[in-house]
Undergrad: 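Pasting a structure below so you can have a look.
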Amino acid sequence: MMNFFATHGNELIIKTWEHLYISMAAILLGVFVAVPLGILLSRAPNFADRFISFIGILQTIPSLAILAFFIPILGVGKLPAIIALFFYSLLPILRNTYIGIRDVNPAVVEAGKGMGMSALQSIIKVELPMALPVIMAGIRLSTVYLIGWATLAAFIGGGGLGDFIFDGLNLYQPSLIIAGTVPATILALIADRLLAFLENRLMPEGLKNSYETA
Amino acid sequence: MLEFHNVTKRYGNGKPAVNNLNLTIKKGEFVCFIGPSGCGKTTTMKMVNRLIDITEGTILVDGKNIKEQDSVKLRRSIGYVIQQIGLMPHMTIRENIVLVGTLLNWTKERKDKRARELIKLVNLPEEYLDKYPHELSGGQQQRIGVLRALAVNPPLILMDEPFGALDPITRDALQEEFKKLQKELNKTIVFVTHDMDEALKLADRIVIMKDGEIVQADTPEEILRNPANEFVEEFLGKDRLIQGRPDVTTVGQIMNSTPITVQIGTTLKSAITKMRDGRVDSLLITDSDNVLKGFLDIESINNNYKKASKVENVMETNIYSVSQDSLLRDTIHKILRRGAQYVPVVDENHRLVGIVTRATLATLVYDTIWGDGTELEEIVAQAE
């Protein structure tokens, strides 16, 4: 064990960082695209259902295949890995944003509109805060999945903890496989806890209690 | 204040939801729109603050065409209360009350001052300002809903069945409170409801709608007295028409139009004969033009028959009478309070036209409590 850290310790830290970088970049990109898109979709519910099923179909394409598809277009390295993972992050965030916004109590939205809120004010002051718990749940789910899938980035030269796992497979060294898997799992767990904390902090005071009593 | 000119709303190509509606609402008037579901009452109201677009026609608020105004600004200038209350669950009561103030970029001090002013109107303590909506009861929440509509002091307030989701006791309390508040603040109110009792209680004018058209628009009294057609009658319900009778029935409608009278100049002897024949203990005395002069009861005949011979010598001239146009509602109280056995009914020239006795009232009260109105109708028919 000590021996392993002596030889691979440095590499482990670098790979973990790479791993984190790839997954976080993909998630952030996913949030920036999927949340606004989800809000847009909530304005066109007829189209939204079809669109979301379409994204769902994309999601079923095996991740290895997606990564492979990107090689001719984007080459190898971190960028195609991030973009491929970004596609995977879209669906849960998009779907949760859409559902979260759609399920905001229509009476509250109507009251806001009747009071004279513009569409943007309604989204920022009413719909987003109230849909936040659902949206955050989508982001958390995406993050945990993505940290796991990011190991595949190694396959197209993206680096990350996946390198250990592939090396371990190629060299028949279980210790390397474990060295890749355990930190990835720990990362996922930490990310989940952190996001749960963030969700709690961002949740509006009045909603917190009403969820408790509900 | 608020004018509808040939307003029509059509969804798709079907029958119009609101058809060529014309109505003018005066400043400070409390108008209830009422009708069965789908009659277009809510649509009509929502067209005022442009939550629903008008297909044809114009609506003027304070003389200005609403279509020429920015819809967001228009809505901020009109109060709005909805049935589902719709308080923002993630905002405190304070933030909820002054929401429109926030949209208009009021300063924090101004908003705070206004919130404290308003919450006093509904007798809730100031500490409630820092609570969240879910900590309040339904009735309290809707009080806040009403305050929110009042926040920036709009002259016109739209209310969409605001008390419909509350339990009957809370609803009653809020109706009372709100009617008082409206009188104090002199707001123009457009109030949609399907509850006739609510409309009768609150409204200055009731607009009854059916299939997108106005069937009748009148004061509650007028609607009870003269329902425009069978639909209105049915909508009011027979019970309410009967119960509403003392409020709208005039004395002329229920009086007995053949009181037993004697003319001036009649001798006491023949007066007594008339009393015995009519089985009454007093007589109304008129002159030859049938003008009421006074009355004579059995006691005064008994005391005076030796001294006097004509009725005018012993009759009591200080007699209380009512006009045939006065409302029964007012008369009942007077009769009961004075302890009188009967009240003569006169026309504008003080000519005797009838009499209301305690027995007449008993029939009416019986009808209100027990009857289906048939007996009353007989009386009315007889009187007519």
Side-chain angles (χ1 to χ4, degrees), chain A residues 35 38-39 42-46 96-97 99-139 196-214, chain B residues 42 45-46 48-52 69-105 130-136 141-142 144-146 148-152 154 157-162 165:
Chain A
V35 172
I39 294 170
S42 69
R43 311 282 129 163
N46 291 335
N96 278 37
T97 306
I99 290 172
I101 299 264
R102 189 193 62 188
D103 289 354
V104 169
N105 183 354
V108 174
V109 178
E110 201 209 313
K113 196 175 175 194
M115 297 289 117
M117 283 188 172
S118 64
L120 192 66
Q121 280 170 328
S122 171
I123 290 170
I124 293 172
K125 282 181 191 278
V126 181
E127 294 170 66
L128 269 184
M130 291 183 66
L132 194 74
V134 185
I135 298 175
M136 280 305 287
I139 295 177
F197 176 73
L198 187 68
E199 183 183 329
N200 199 31
R201 286 296 297 274
L202 287 177
M203 175 115 95
E205 204 59 34
L207 282 185
K208 243 182 242 180
N209 295 322
S210 61
Y211 271 85
E212 273 163 24
T213 49
Chain B
T42 303
M45 190 204 70
K46 285 187 177 176
V48 176
N49 66 357
R50 292 187 60 187
L51 284 175
I52 294 177
Q69 298 174 56
D70 177 54
S71 61
V72 166
K73 282 200 190 111
L74 176 78
R75 286 180 203 135
R76 286 176 193 171
S77 68
I78 298 175
Y80 187 49
V81 184
I82 61 173
Q83 180 184 8
Q84 306 86 339
I85 305 172
L87 294 182
M88 307 288 158
H90 58 295
M91 295 183 186
T92 59
I93 298 305
R94 184 194 316 271
E95 290 167 322
N96 266 296
I97 292 179
V98 292
L99 184 65
V100 187
T102 310
L103 298 176
L104 293 170
N105 291 321
D130 294 313
K131 289 186 184 252
Y132 284 96
H134 70 92
E135 297 172 85
L136 272 59
Q141 287 189 20
Q142 191 57 298
I144 302 300
V146 171
R148 179 172 63 175
L150 293 171
V152 299
I157 297 174
L158 309 177
M159 306 182 92
D160 187 5
E161 302 195 25

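Excluded from the calculations below are hydrogen atoms, water molecules and symmetry mates; all remaining heavy atoms, backbone and side chain alike, are included. We name chains A, B, ... by the order of the sequence lines, and we start the count at 1 in each one.
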Undergrad: Once you round to the nearest 0.5 Å, how far does CZ of R75(B) lie from OG of S118(A)?
TA: 10.0 Å
Undergrad: So, for A111(A) and G86(B), which heavy atoms are closest and what is the spacing to 0.1 Å?
TA: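 The answer is CB-O, 3.4 Å.
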Undergrad: Rounded at 0.5 Å granularity, tell me how far OG1 in T102(B) sits from CE in M115(A).
TA: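 The distance works out to 12.0 Å.
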Undergrad: What's the spacing between M130(A) CE and M88(B) CE if we round to 0.5 Å?
TA: 8.0 Å
Undergrad: Do you know which of A107(A), P129(A), G114(A) has the most heavy-atom pairs with chain B at a distance under 4.5 angstrom?
TA: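 That would be G114(A).
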Undergrad: Treating H90(B) as the side-chain partner and M203(A) as the backbone partner, does any N or O pair qualify as donor plus acceptor under 3.5 Å?
TA: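 No; zero donor-acceptor contacts below 3.5 Å.
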Undergrad: Can you tell me which of V152(B), L51(B), N49(B) forms the most heavy-atom pairs within a distance under 4.5 Å of chain A?
TA: L51(B)
Undergrad: Please give me the minimum heavy-atom distance between V108(A) and L87(B), naming the atom from each residue.
TA: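 Closest approach of V108(A) to L87(B), heavy atoms only: CG2-O, 3.6 Å.
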Undergrad: Are K46(B) and E110(A) close enough for a salt bridge, meaning some N to O gap below 4.0 Å?
TA: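 Looking at K46(B) and E110(A), the cut-off is met.
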Undergrad: Look up atom NZ in K125(A) and atom CD in E95(B), then write down how far apart they are to the nearest 0.5 Å.
TA: 9.0 Å
